[in-house]
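Worksheet for the structure shown next.
Both ligands and their constituent atoms are indexed starting at 1 by order of listing. Heavy atoms only: backbone and side chains are in, while hydrogens, waters and symmetry mates are out. Predicted model, so just to flag it, every value in this text is computed and none were measured.
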Amino acid sequence: VPVLSVRALTRHYTAGGGLVRALDGVSLDVAAGELVGIFGPSGSGKSTFLMLAGLLENPTSGDVWLAGERVSHAGADLDALRETRRKRIGFVFQKANLIPFLSAVENVALSLEIADVAPADARAHGRRLLAALDLAHRADSLPAKLSGGEQQRVAVARALANAPPLILADEPTAALDSVRGRQVMEIFRRIAAAHGTAVLVITHDPRSTDLFDRIVHFEDGRVCAGKAHP
Ligand code: ADP
Ligand code: ADP
């Protein structure tokens, strides 16, 4: 059973009196341990796809399944989706969006405390996660003291805190130089291989394509068949 299974997903928006087919019948499976890259021009529906697969909103039609359970469809209960999302999906965006007055480890621990882990345990686990991402020496630093690459690795640690079976990342390396961007992508590769996490990454960066198990191209709200390389 795939970790994530998306079936005939469409999302329409009404904007300026017209209808925008942001997503137009996308189907996609992601298996445990798979690192999948999503490429495609601006406006091709990548972010919309991530929002729907990430249960941040409902599709116009089609559905989203997690581990064989149908969780999202038109009109699905958004409060229930929020609960499922918290427990089962980790997100990384272009900006790390760390809480500025909390240290790196406190930022990571917060995700665990929200999930009812005791504060001392949450901090201990946060330190272990940061150490695994070569950030042990930065655990007590405030975000402003960290480089962009370090902040993004803290954001990855935060996404991993609750050991979600699925990680969704929207241009996680866009704000990083090539060395730091590569580092973040290698972390995703390692997480997928070591923990069987399914990882889906939207990216424009052709330099890390060797790390992906599979590349999916979006065009005009659809998966573009037969295009294997960016
Ligand atoms: P709605 O879609 O119901 O109008 P939203 O909060 O999703 O509400 O968006 C408000 C408006 O902002 C939209 O009508 C649209 O014009 C604009 N908008 C939001 N996000 C985007 C986007 N990614 N691309 C283009 N326009 C957008
Ligand atoms: P990408 O991530 O590939 O750049 P998006 O998913 O952001 O593409 O957008 C796909 C299409 O849907 C675009 O034409 C965009 O303007 C439109 N769109 C996205 N969100 C909204 C919104 N909230 N309201 C209106 N149009 C939107």
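Clustering of Ile, Leu, Val, Met, Phe, Trp and Tyr side chains at separations under 4.5 Å places L112 together with V117.
The contact set between ligand 2 and P41, taken as ligand atoms under 4.0 Å from a residue heavy atom, comprises 3 (O). For ligand 2, the atoms sitting less than 4.0 Å from at least one non-hydrogen atom of T48 are 5 (P), 6 (O), 9 (O), 19 (C), numbered in the order shown with element in parentheses. Proximity to A22 (heavy-atom distance under 4.0 Å) selects the following atoms of ligand 2: 10 (C), 11 (C), 12 (O). Each of the atoms 1 (P), 2 (O), 3 (O), 4 (O), 6 (O), 8 (O) of ligand 2 lies under 4.0 Å from some heavy atom of K46.
The closest donor-acceptor contact from the side chain of K46 to the backbone of F218 lies at 3.5 Å or more, if one exists at all. At least one donor-acceptor pair closer than 3.5 Å links the side chain of S103 to the backbone N or O of E106. Without hydrogens or angle criteria, R138 side chain to L130 main chain gives no donor-acceptor distance under 3.5 Å.
Distances from atom 2 (O) of ligand 2 to the heavy atoms of S47, G40, G43 show the closest one on S47.
No heavy atom of G221 sits closer than 4.0 Å to any atom of ligand 2.
Contacts with ligand 2 closer than 4.0 Å are made by side-chain heavy atoms of V20 only, the backbone lying farther away.
For residues 189-200, the set of pairs meeting the side chain to side chain donor-acceptor pair (under 3.5 Å) definition, not counting sequence neighbours, comprises R189-D213.
Judged by distance alone, the side chains of T10 and T60 never bring a donor and an acceptor atom under 3.5 Å apart.
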